[in-house]
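Comments concern the structure below.
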Protein chains: 2
Amino acid sequence: MSNALLKLREQSRLFSTTEREIAMHILENPQLVVDMSIHELAKHTFSSASSIVRLCNHTGYSGYKEFRKAVTHELAMREQSKRTEQKEITRSDSLQDIIDKISYANIVSLEETRELMDAAVLRTCVDLIKNARMIYLFGLGASLCAARDAYLKFLRLNKLCVINDDWHSQILQARNAGTQDVGIVISYSGATVEMVECMKIMRENNTPIIAITRCENSPVSELADHLLYTTSRESIFRSGATSSRISQLCIIDILYTALANEDYEASLEQLSRTHIRKPGQISGKMYKGSSQF
Amino acid sequence: MSNALLKLREQSRLFSTTEREIAMHILENPQLVVDMSIHELAKHTFSSASSIVRLCNHTGYSGYKEFRKAVTHELAMREQSKRTEQKEITRSDSLQDIIDKISYANIVSLEETRELMDAAVLRTCVDLIKNARMIYLFGLGASLCAARDAYLKFLRLNKLCVINDDWHSQILQARNAGTQDVGIVISYSGATVEMVECMKIMRENNTPIIAITRCENSPVSELADHLLYTTSRESIFRSGATSSRISQLCIIDILYTALANEDYEASLEQLSRTHIRKPGQISGKMYKGSSQF
DNA sequence: GCATTTTATGAAACATTGTTTCATATACCT
DNA sequence: AGGTATATGAAACAATGTTTCATAAAATGC
């Protein structure tokens, strides 16, 4: 609906030379359309008002007025999502600035994660996990937190999972994985030597490997059979792998939800069964609301 | 800048009766301004074009044209953030639908977290943590993952932290906390009995308590001295406390960044010191890029 | 309480801006 | 070369926004 500028770019083959010229000018600075009258714009693009109207018609609008309405709308929307520019934290930032910048950085990271996600790859991953005898989870540091989160989620779906905290146990764990199983490796950098080691072992056993890592060439992405990408941007103060960690969790959410949705009724039933009863609780009725922890 | 409708509401005392009447109509359905010409709108509001122009002038615009531009802009912005409506996952959803819905749910949750965050409360919390002798972290289930994440972050800033996985250890941990320390309790529901128990113990010792919990009346929010709120919306398939968990992590990010920013140089130095050296690594040069895990 | 000033209001004149028409120029085809 | 199709901008036209102004109503002064 509101893709006037996109249409302007895409449908340029329908335009005459003059129209194309006008379109170029507009695409270069769309704000002109909002600020100028049709005659002004005609002058500015060395053409005529009628040519502009014809351009609008070819782009799918009844006239300049309608076109302008669409462009105004579009620019406003674009402005709204202009927070996309990564803003560094500076020394002079107020607490409110920090709140805004960090929140937006995380939001952008989620938007990027969404764009990086390939439904076909997800399909394969969901099937692999669904049919796996056992899910082997791997991660270290902040990525271990994400792996633990995945562990909790898969447990809720009655999937068999293994996770270990330290590297030595993870190596042993990797040795046990077989063809019928699936390994899920979470690594922000894609270079963690411990993870690479575990993956090599699993490859020897022909265990299919899903990696959740950043979208770049790295040992981890080379060793994995299926890749789910996290954002790769991190700012100076967040070298503790911050945005990527939220990105990882979102991917896990998506995997979990997709899995759960594959067998709707069965999941619902299973979910209610795994709702933990608190000590002293009779029948599942808890303090207002039903969630836990 | 773009608050035409707000001004219309606020400055109504400056208006005459006719103008107020027009303003009411516009506020009731602002889209009218975008769709109608000034004469049409005059007819629709049983007034005249000149009255509308006068209204625009009183609202701070040079005329109807400028006013309409502002309203169009404002409505577009408003529409952009309308994705706020929580969309449930349905059985017929494609994988792409799931990707979009989950991502957006998480984004909305971050937006809400930002809105719920009070800079004054954050100020107090940052000061408490900065001056604390020891930080005691508490959480269970998914909230324990968030607590572990906080632990990793605070460690990087050379803050003394304690965290324990099981409830019994957490109780012991709570007993050790004193006036000079700070307790950080993470609980999605705000009702987890184990957390409540820990908080009661800390209250006895007059340990200041920061709680990261959902914005509702709950035992946890009553027992805490300082509250940082997470989103409270969860959908059916996400009873594993999903969005709130991302919300929790964002709050931790903000706390961490704010803390780090308080002493810029010191943090930078500290950060580079805590960059872990990998086995076999000579001087910190790693595979392309500098991050870990 | 009446006269005067101020304020409020809409019709109409006016100015601006968008749309359509049409004559002309150019390219293309036969 | 002649004819047709297409492209283009000037100008007429239509619509839409702005200003003026006469009138009516309210407020103020005496």
Side-chain angles (χ1 to χ4, degrees), chain A residues 2 4-5 7-9 11-27 29-75, chain B residues 2 4-5 7-9 11-27 29-75:
Chain A
S2 187
L5 295 172
K7 279 196 229 156
L8 210 61
R9 193 190 314 272
Q11 305 192 350
S12 62
R13 58 194 171 73
L14 299 174
F15 304 157
S16 70
T17 38
T18 312
E19 284 167 13
R20 222 186 308 259
E21 192 70 25
I22 300 170
M24 294 255 286
H25 271 265
I26 293 177
L27 285 170
N29 185 3
Q31 188 63 32
L32 290 181
V33 177
V34 180
D35 294 333
M36 283 180 166
S37 77
I38 191 169
H39 291 289
E40 283 176 317
L41 187 63
K43 210 170 178 181
H44 187 267
T45 56
F46 310 103
S47 65
S48 64
S50 18
S51 290
I52 294 178
V53 171
R54 276 187 294 264
L55 170 64
C56 295
N57 294 152
H58 288 145
T59 318
Y61 296 89
S62 74
Y64 187 62
K65 220 169 15 156
E66 204 183 295
F67 176 73
R68 167 146 65 181
K69 202 163 134 183
V71 172
T72 309
H73 192 271
E74 199 169 332
L75 287 183
Chain B
S2 187
L5 295 171
K7 280 196 227 156
L8 211 62
R9 194 189 314 270
Q11 305 192 349
S12 63
R13 57 194 171 74
L14 299 174
F15 303 158
S16 71
T17 36
T18 314
E19 284 166 15
R20 223 186 308 260
E21 191 71 26
I22 300 169
M24 294 256 288
H25 271 266
I26 293 176
L27 287 170
N29 186 3
Q31 187 64 32
L32 290 180
V33 177
V34 180
D35 294 334
M36 282 180 166
S37 78
I38 191 169
H39 291 288
E40 282 176 317
L41 187 63
K43 209 169 180 181
H44 187 267
T45 56
F46 310 104
S47 65
S48 64
S50 18
S51 291
I52 293 177
V53 171
R54 275 189 294 265
L55 170 64
C56 295
N57 293 153
H58 288 145
T59 318
Y61 296 89
S62 73
Y64 186 62
K65 222 170 13 157
E66 204 183 295
F67 176 72
R68 174 160 43 192
K69 202 163 135 185
V71 172
T72 309
H73 192 268
E74 198 169 333
L75 288 182

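Only heavy atoms go into these numbers, but all of them, side chains included; no hydrogens, no water, no symmetry mates. Order of the sequence lines fixes the chain letters, A, B, ..., with proteins taken first and strands second; residue numbering starts at 1 for each chain.
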Check: Whole-Å distance between D/dG9 C1' and A/Lys43 NZ?
Finding: 15 Å

Check: Taking for each residue the nucleotide of DNA chain D bearing the nearest heavy atom, is the 5' side occupied by A/Ser51 or by B/Glu66?
Finding: A/Ser51

Margin query: Using the rule given for side chain to side chain contact (heavy atoms under 4.5 Å, CB included), can you reason through B/Leu55 versus B/Glu21, listing the C-alpha separation, both sets of side-chain angles and the distance that settles it, and then say yes or no?
Written below: CA-CA 10 Å; B/Leu55 170 64; B/Glu21 191 71 26; over 6 Å; no

Notebook entry, point to check: Picking from C/dT20, C/dG18, D/dT8, which would you name as closest to the side chain of A/Ser50?
Noted result: C/dT20

Checklist line | B/Ser37 vs D/dG17: side-chain N/O to OP1/OP2 distance below 4.0 Å | finding: yes

Notebook entry, point to check: NZ of B/Lys65 versus P of D/dT16: gap in Å, rounded?
Noted result: 14 Å

Next item on the list: Tell me whether the OP1 or OP2 atom of D/dT8 has a side-chain N or O from A/Thr17 closer than 4.0 Å.
Entry: yes

Next item on the list: Flag the pair B/Val33 / B/Leu75 as yes when at least one side-chain heavy-atom distance between them is below 4.5 Å, and no otherwise.
Entry: no

Check: Quick one: is C/dT9 close enough that its OP1 or OP2 comes under 4.0 Å of any side-chain N or O from B/Ser16?
Finding: yes

Margin query: From NE2 of B/His58 over to C1' of C/dA8, roughly how many Å is that when rounded to an integer?
Written below: 10 Å

Next item on the list: Give the rounded distance in Å between these two atoms: CE of B/Met36 and C1' of D/dG17.
Entry: 16 Å

Check: So what does B/Ala49 touch, heavy atoms closer than 4.0 Å: a base, only the sugar-phosphate, or nothing?
Finding: base

Next item on the list: Find the distance B/Ile22:CD1 to C/dA8:C1' and express it as a whole number of Å.
Entry: 12 Å

Check: Rounded to whole angstroms, how far apart are CD1 on B/Ile52 and P on D/dT18?
Finding: 11 Å

Checklist line | Donor-acceptor contact present, side-chain A/Arg68 to main-chain A/Ser37, <3.5 Å | finding: no

Next item on the list: Could you tell me the separation between the NZ atom of A/Lys69 and the C1' atom of C/dG18, rounded to a whole number of Å?
Entry: 15 Å

Check: Rounded to the nearest 0.5 Å, how far does NE2 of A/His44 lie from CG of A/Asn29?
Finding: 7.5 Å

Notebook entry, point to check: Where each residue is assigned the nucleotide of DNA chain D containing its nearest heavy atom, which of A/Thr18 and B/Ile38 is assigned the position nearer the 5′ end?
Noted result: A/Thr18

Check: In whole angstroms, how far is the P atom of C/dT17 from the NE2 atom of B/His39?
Finding: 15 Å

Next item on the list: State whether A/Arg54 places a side-chain N or O below 4.0 Å from either non-bridging phosphate oxygen (OP1 or OP2) of D/dT6.
Entry: no

Note to self: Working to the nearest 0.5 angstrom, can you tell me the gap between A/Phe67 CZ and A/His58 NE2?
What the structure shows: 13.5 Å

Notebook entry, point to check: Which of these nucleotides, C/dG18, C/dG10, D/dT19, is closest to any side-chain atom of B/Val53?
Noted result: D/dT19

